[in-house]
Visitor: 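If you scroll down you'll find the structure; I have some questions about it.
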4 protein chains.
Amino acid sequence: MASYKKSLGRPRANDLKKPTEQTILEAATSLFLNQGYQEVSIDEVASKAHVTKATVYYYYASKADLFTESMVQMMYRIQKQIDTVLNRDEPLQVRLKEITKAHLQATVHIDMNGFMRETRSALTKEQIQSIQQAEENMYSSIEIAIQNAIQKNEIPHHIHPKFVAHTYIALLQVGNYRNANNEPIFSSVDKMVDQILQFFWNGLDHK
Amino acid sequence: MASYKKSLGRPRANDLKKPTEQTILEAATSLFLNQGYQEVSIDEVASKAHVTKATVYYYYASKADLFTESMVQMMYRIQKQIDTVLNRDEPLQVRLKEITKAHLQATVHIDMNGFMRETRSALTKEQIQSIQQAEENMYSSIEIAIQNAIQKNEIPHHIHPKFVAHTYIALLQVGNYRNANNEPIFSSVDKMVDQILQFFWNGLDHK
Amino acid sequence: MASYKKSLGRPRANDLKKPTEQTILEAATSLFLNQGYQEVSIDEVASKAHVTKATVYYYYASKADLFTESMVQMMYRIQKQIDTVLNRDEPLQVRLKEITKAHLQATVHIDMNGFMRETRSALTKEQIQSIQQAEENMYSSIEIAIQNAIQKNEIPHHIHPKFVAHTYIALLQVGNYRNANNEPIFSSVDKMVDQILQFFWNGLDHK
Amino acid sequence: MASYKKSLGRPRANDLKKPTEQTILEAATSLFLNQGYQEVSIDEVASKAHVTKATVYYYYASKADLFTESMVQMMYRIQKQIDTVLNRDEPLQVRLKEITKAHLQATVHIDMNGFMRETRSALTKEQIQSIQQAEENMYSSIEIAIQNAIQKNEIPHHIHPKFVAHTYIALLQVGNYRNANNEPIFSSVDKMVDQILQFFWNGLDHK
DNA sequence: TATGAATGAGACTTCATTCAT
DNA sequence: CATGAATGAAGTCTCATTCAT
């Protein structure tokens with residue numbers, strides 16, 4: 001099915017070819033994020049990674065496995081990126097602004113809630129837990145930043161960090177909304193970022 | 001798959017029975033909401049509605065059709081319920097509290113964003129538009145309530161009604177979050193409702 | 001499924017409505033001839049006859065029945081037409097010319113051979129025989145005309161009437177051939193008719 | 001439906017075996033010729049080729065594809081056979097006799113006209129053209145032989161080669177006719193061959 | 001390491017037919 | 001006379017998975 005051809009013999013080392021395993025995972029991640037679990041076929045993944053279906057199975061025992069590893073790796077990467085920003089020595093407001101902007105500019109949006117509904121019945125309990133763990137780690141990063149900000153009196157003491165972390169992520173989704181004509185709520189990303197953060201910051205401040 | 005048996009031909013009249021068409025639609029709605037488009041098979045819908053696959057096709061030309069009509073009808077129903085509450089002569093805060101509580105207690109949560117990713121490629125343009133239209137109508141209801149509240153000076157003049165409407169719905173999603181152990185953020189629904197509304201109300205109030 | 005509406009009540013007698021049964025048969029004949037047995041669905045027949053599927057079944061016990069009656073009636077009609085011409089008091093050559101021309105101008109061509117291959121397994125033995133009988137009657141008409149022509153010394157004595165009758169029908173098929181671009185062998189029907197008859201007449205004349 | 005069992009995965013190599021692809025094509029050809037397009041199910045083809053339905057789809061993307069390739073390959077084979085005989089250095093009459101006899105003895109008869117009516121709506125334009133092209137190639141072979149015979153003065157100059165080629169094939173069909181009792185027109189094949197050729201030869205000779 | 005060949009299970013869909021009204 | 005509602009059986013096609021090479 002795949003018509004892609006490789007030249008014969010062992011590939012030269014300086015081809016700086018990514019290991020096949022990683023190539024496959026990246027192809028899978030992108031497809032799963034854009035189309036959802038069921039819509040993506042192993043053939044599609046294989047074709048996008050320029051290998052054959054059997055090769056995908058050589059590295060990943062099942063589609064559910066491939067999905068799980070894709071999601072976990074992706075969330076891990078996002079978490080690292082968030083962490084990098086959050087660990088800077090700047091006011092929380094500044095750091096969140098950067099994260100918010102980055103998220104709204106990315107083409108790929110995470111919305112695990114919707115994802116899992118479709119996927120749940122195809123995964124084992126362990127696989128579901130792996131993914132949810134990775135998701136919670138993402139939330140935890142933000143939660144910790146909130147807690148630190150509380151200690152630095154950047155935000156009120158009485159707020160609930162976990163709730164606020166989720167609130168923040170939920171507000172990000174608003175920035176990704178498009179109506180039937182594919183138009184966002186505000187025409188510029190910057191406007192959107194400002195509105196979201198202002199709303200979020202106000203929301204925290206309940207005297 | 002269907003174990004329920006009926007004999008061939010037109011069934012004897014029975015006034016107590018809901019029309020088959022509606023029975024099927026309800027079965028479909030519930031399944032689609034819980035499992036997503038791809039995970040639900042027509043056989044499952046049929047079996048849940050106590051009819052055969054062929055009967056489903058007698059009323060709905062395709063799975064995509066059935067899905068579209070399910071979603072549109074469902075969102076229409078939700079919109080009506082929201083409208084009923086919103087049209088009461090009470091402070092907005094009181095009315096939103098009721099809606100929030102109702103939503104968090106319902107077992108079914110709408111999250112069209114995630115839904116459509118999975119489904120997009122299976123639907124025609126017209127079908128997608130139908131669904132998105134119904135979704136926008138839901139948001140509009142809230143938007144209008146916001147606008148009315150602005151005129152009554154219940155909330156500040158400078159806020160953006162559409163943005164706020166989306167914000168509100170996004171916050172509702174937080175109330176539906178469950179972690180890997182299926183635990184919500186707060187143990188009681190009432191607590192959750194209060195927190196969401198307080199955050200929302202604060203968020204509006206940016207002096 | 002059929003959206004066609006009739007006005008209420010018993011139709012007026014002077015509507016000169018063809019009896020429903022015949023309307024259905026005509027719709028069926030035309031569809032079967034153009035698309036073959038399997039390609040035509042009862043729904044299509046019903047829709048073309050402006051009745052519902054159930055009405056078709058009210059008059060014809062099965063699709064195979066409907067097909068059989070369609071074919072038999074059609075061949076009977078063709079036979080009558082051929083007979084009318086053949087019974088005239090003119091040279092055989094003149095009479096055949098008329099039949100040939102009529103056949104080549106008709107949009108519908110009979111080719112029972114091909115038809116029956118597709119249909120055989122769907123019909124009962126009796127139904128197949130009915131159709132083949134009707135077909136043979138058609139051939140017989142021509143055969144008899146040949147025999148009469150022999151007695152009138154219009155054509156040689158030693159020829160085999162049945163063989164010649166089949167030969168004649170086979171040559172008619174040549175006139176219906178269209179190549180990949182839908183072009184016939186000769187550009188005008190008259191040219192085709194002349195060539196076929198000249199070939200046929202020569203063919204008979206084996207001294 | 002298929003009762004023949006094989007285990008999953010790639011089968012052990014076995015040089016004696018015809019390639020699966022060809023086995024399937026042959027099974028398909030025979031079934032299509034005898035029963036027509038619609039009557040043949042992929043399951044039947046698979047079962048006749050001792051593979052599963054999925055294997056058929058591994059090699060042929062759709063039923064229409066399988067049909068197209070079957071017909072094209074079959075006509076190509078017939079054309080080659082005809083060519084082999086036609087290219088011999090013998091009088092045309094002798095060569096046609098051999099072809100005629102071979103055709104009447106074969107169990108499989110080509111009658112594309114009837115075939116295509118039933119099939120047209122299931123094939124793409126390209127597929128129909130492929131088949132018609134293969135058919136025309138068959139006719140061309142004969143046409144060319146006719147033209148050569150004209151140059152060698154074996155048959156009159158004034159005849160129209162394409163028309164005559166079609167005439168010849170049409171006459172072959174007469175030899176395949178069977179009445180309601182499955183009896184041919186003449187009891188022996190040799191008699192039939194003689195009659196057809198005599199008629200054909202006479203037909204050509206119109207002074 | 002990588003893959004071509006094959007399969008089993010299941011999905012969507014169509015359609016002839018039946019039956020109470 | 002005519003039909004709306006329902007079904008059973010079958011058909012095409014997809015896809016995750018397996019296995020010998």
Side-chain angles (χ1 to χ4, degrees), chain A residues 1-2 6 10-11 19-21 38 40-46 51-64 66 122, chain B residues 1-2 5-14 19-21 38 40-44 46 51-64 66 122, chain C residues 1-2 6 10-11 19-21 38 40-46 51-64 66 122, chain D residues 1-2 5-14 19-21 38 40-44 46 51-64 66 122:
Chain A
M1 223 141 268
K6 274 196 234 140
R10 170 191 262 218
T20 306
E21 193 172 356
Q38 297 288 352
V40 175
S41 75
I42 296 288
D43 253 325
E44 245 175 307
V45 173
V51 297
T52 61
K53 221 186 333 193
T55 304
V56 175
Y57 276 93
Y58 180 78
Y59 288 105
Y60 299 93
S62 69
K63 186 183 177 183
L66 177 57
Chain B
M1 218 145 264
K5 285 283 174 186
K6 239 185 280 180
S7 51
L8 263 177
R10 175 189 265 212
R12 243 166 289 170
N14 172 350
T20 306
E21 193 172 353
Q38 298 288 352
V40 175
S41 77
I42 296 288
D43 249 325
E44 248 175 306
V51 295
T52 59
K53 231 187 320 194
T55 302
V56 175
Y57 278 97
Y58 180 75
Y59 290 104
Y60 300 93
S62 67
K63 185 182 178 184
L66 177 58
Chain C
M1 224 139 266
K6 271 194 239 151
R10 170 192 262 215
T20 305
E21 193 172 356
Q38 297 288 354
V40 174
S41 75
I42 297 288
D43 253 325
E44 245 176 307
V45 173
V51 296
T52 61
K53 224 189 325 197
T55 304
V56 174
Y57 276 93
Y58 180 78
Y59 288 106
Y60 299 93
S62 69
K63 185 182 178 184
L66 177 58
Chain D
M1 218 144 267
K5 286 283 174 186
K6 238 185 280 178
S7 50
L8 263 176
R10 174 189 266 214
R12 242 167 288 169
N14 173 351
T20 306
E21 193 172 355
Q38 298 288 353
V40 175
S41 77
I42 296 289
D43 249 325
E44 247 175 306
V51 295
T52 60
K53 229 186 324 194
T55 303
V56 175
Y57 278 98
Y58 180 76
Y59 289 104
Y60 300 94
S62 68
K63 187 182 176 183
L66 177 57

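Excluded from the calculations below are hydrogen atoms, water molecules and symmetry mates; all remaining heavy atoms, backbone and side chain alike, are included. Remember, predicted model here, so these are calculated numbers, not experimental data.
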Visitor: I want to verify a distance call: between dA16(F), dT17(E), dT13(E), whose nearest atom is closest to the Tyr57(A) side chain?
Guide: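 For the Tyr57(A) side chain, the nearest candidate turns out to be dA16(F).
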Visitor: Residues in side-chain contact (heavy atoms from CB on, under 4.5 Å) with Tyr59(D), at least two apart?
Guide: Thr20(D), Glu21(D), Ile24(D), Thr55(D)
Visitor: Which part of the nucleic acid does Val45(A) contact within heavy-atom distance under 4.0 Å: base, sugar-phosphate only, or nothing?
Guide: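 It contacts nothing in the nucleic acid.
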Visitor: At under 4.0 Å between heavy atoms, what does Val56(A) touch on the DNA or RNA strands: base, sugar-phosphate, or nothing?
Guide: nothing
Visitor: Requiring both pairing distances under 3.5 angstrom, list the stems that contain DNA chain F and are made of three or more consecutive Watson-Crick or G-U pairs.
Guide: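 For DNA chain F the paired stretches long enough to count as stems (3 pairs minimum) are E:2-21 with F:2-21.
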Visitor: Touch check for Tyr60(C), heavy atoms < 4.0 angstrom, all strands: base, sugar-phosphate only, or nothing?
Guide: nothing
Visitor: Taking all heavy atoms of Ala46(B) and all of Thr52(B), pick out the closest pair and write down the distance.
Guide: CB-C, 3.6 Å
Visitor: Where each residue is assigned the nucleotide of DNA chain E containing its nearest heavy atom, which of Ala64(C) and Ala61(B) is assigned the position nearer the 5′ end?
Guide: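 Final value for this comparison: Ala61(B).
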Visitor: List for me each residue that meets side-chain contact (heavy atoms from CB on, under 4.5 Å) alongside Ala64(C), sequence neighbours excluded, and say none if there are none.
Guide: Tyr37(C), Ser62(C), Leu123(C), Gln127(C)
Visitor: Nearest 0.5 angstrom please: Tyr57(B) OH to Lys63(B) NZ, how far?
Guide: 8.0 Å
Visitor: Starting at atom CD of Glu44(A), determine the distance to atom P of dC15(F), rounded to an integer number of angstrom.
Guide: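 Taking CD of Glu44(A) and P of dC15(F), I get 8 Å after rounding.
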Visitor: Without decimals, in angstroms, what is the distance between Ile42(C) CD1 and dA5(F) P?
Guide: 20 Å
Visitor: If you pin Thr55(A) and Tyr59(D) to their nearest nucleotides in DNA chain E, which one's is more 5'?
Guide: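 It is Thr55(A), whose closest nucleotide lies nearer the 5' terminus.
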Visitor: Please classify the nucleic acid contact of Ser41(C) as base, sugar-phosphate, or nothing, using heavy-atom distances under 4.0 Å.
Guide: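 Contact class for Ser41(C): sugar-phosphate only.
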Visitor: Taking atom types as they are modelled, is there a donor-acceptor pair under 3.5 Å from the base of dT3(F) to the side chain of Lys53(C)?
Guide: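 Counting by modelled atom types and ignoring angles, no donor-acceptor contact under 3.5 Å is found here.
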Visitor: dA16(F) C1' sits how many Å from Lys63(A) NZ, rounded?
Guide: 8 Å
Visitor: Please enumerate all residues that pass side chain to side chain donor-acceptor pair (under 3.5 Å) together with Glu44(C), with sequence neighbours excluded.
Guide: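 So Glu44(C) forms a side chain to side chain donor-acceptor pair (under 3.5 Å) with Gln35(C).
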Visitor: Can you check whether Thr20(A) has a side-chain N or O nearer than 4.0 Å to OP1 or OP2 of dT1(E)?
Guide: no
Visitor: For Lys53(A), give me all partners under side chain to side chain donor-acceptor pair (under 3.5 Å), at least two apart in sequence or on another chain.
Guide: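 Side chain to side chain donor-acceptor pair (under 3.5 Å) list for Lys53(A), sorted by chain: Asp43(A).
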Visitor: Among dC13(F), dC15(F), dA16(F), which nucleotide sits nearest the side chain of Ala54(D)?
Guide: dC15(F)
Visitor: Hey, which of these two, Ser62(D) or Gln38(A), hits DNA chain F nearer its 5' end, going by closest nucleotide?
Guide: Ser62(D)
Visitor: Would you say Tyr58(D) reaches dA6(E)'s phosphate, i.e. side-chain N/O to OP1/OP2 under 4.0 Å?
Guide: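 The answer is no; no side-chain N or O of Tyr58(D) sits under 4.0 Å from OP1 or OP2.
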